Amino acid sequence: MTAPQDPFASPGGEPAGPPPPAYGTPPGFPPPAYGQQQFGMPPVPAGNRNGLGTAALVLGILSLVTWFLFIGGLFGIVAVVLGFLGRGRAKRREASNGGMALAGIVTGAVGILLTVLVIVGVAALFSTGEFSNLTDCLQDAAGDPEAVEDCRKQFEDSLQ
């Protein structure tokens with residue numbers, strides 16, 4: 001009985017081609033030491049220092065929700081400041097949520113802008129003559145319901 005022949009062997013009985021690749025670490029690269037990361041992986045921040053970016057995003061969202069109140073601008077200012085601090089930590093690789101910090105900066109800035117527009121709009125409305133005429137009329141009415149209703153009608157007519 002003869003031994004089975006290797007189908008990939010050359011006619012002389014020797015294996016054809018180079019030997020199969022050896023598995024494991026490639027030549028020239030020693031395996032990483034215990035506790036170290038593989039090549040190409042970003043370092044993990046030591047400890048959780050993502051609080052500034054998270055706080056910036058939360059306050060930025062609050063500034064968007066409360067933009068029609070004057071407090072929305074305050075939330076926006078704090079969000080922008082914390083966002084810049086959080087971005088600094090992310091650039092120094094002390095935190096891993098630079099995107100959250102950037103989102104906090106953007107939402108905070110939009111909240112500030114909307115609050116400023118509300119303040120300017122309200123100031124423009126009160127600086128027009130119609131509002132001063134209404135307040136004068138209401139003061140002259142002195143609580144008389146018929147006079148207050150006349151003031152309301154005059155004010156509505158002046159706005160149209």
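Quantities reported herein were computed from a predicted structural model and do not represent experimental measurements. This chain uses plain numbering: 1 for the first residue, then up along the sequence. Basis for what follows: all heavy atoms, side chains included, without hydrogens, waters or symmetry-related copies.
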Looking only at non-hydrogen atoms, find the nearest pair between [X] and [Y] and report the distance.
X: G60; Y: S63; answer: O-OG, 2.6 Å
X: G108; Y: A79; answer: CA-CB, 4.0 Å
X: V78; Y: L59; answer: CG1-CD1, 3.4 Å
X: I77; Y: I112; answer: N-CD1, 3.5 Å
X: G86; Y: A101; answer: C-CB, 3.9 Å
X: G111; Y: L64; answer: N-CD2, 3.8 Å

Rounded to the nearest 0.5 Å, what separates atom [atom1] in [X] from atom [atom2] in [Y]?
X: T115; Y: F70; atom1: OG1; atom2: CZ; value: 9.0 Å
X: L57; Y: L82; atom1: CG; atom2: CG; value: 11.5 Å
X: W67; Y: T107; atom1: CH2; atom2: OG1; value: 15.5 Å
X: C137; Y: D150; atom1: SG; atom2: CG; value: 7.5 Å
X: L74; Y: T66; atom1: CG; atom2: OG1; value: 9.0 Å

When clusters are formed by joining ILVMFWY residues with side-chain heavy atoms under 4.5 Å apart, either directly or through shared neighbours, do [X] and [Y] land in the same one?
X: F68; Y: L114; value: yes
X: L69; Y: V122; value: yes
X: M100; Y: F75; value: no
X: L62; Y: I119; value: no
X: V110; Y: I71; value: yes

*Determine yes or no for a side-chain-to-main-chain donor-acceptor pair under 3.5 angstrom, with R87 supplying the side chain and G98 the backbone.*
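Here the side-chain-to-backbone pair exists.
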
*Do S96 and N50 come within less than 4.5 Å of each other through their side chains, counting heavy atoms only?*
yes

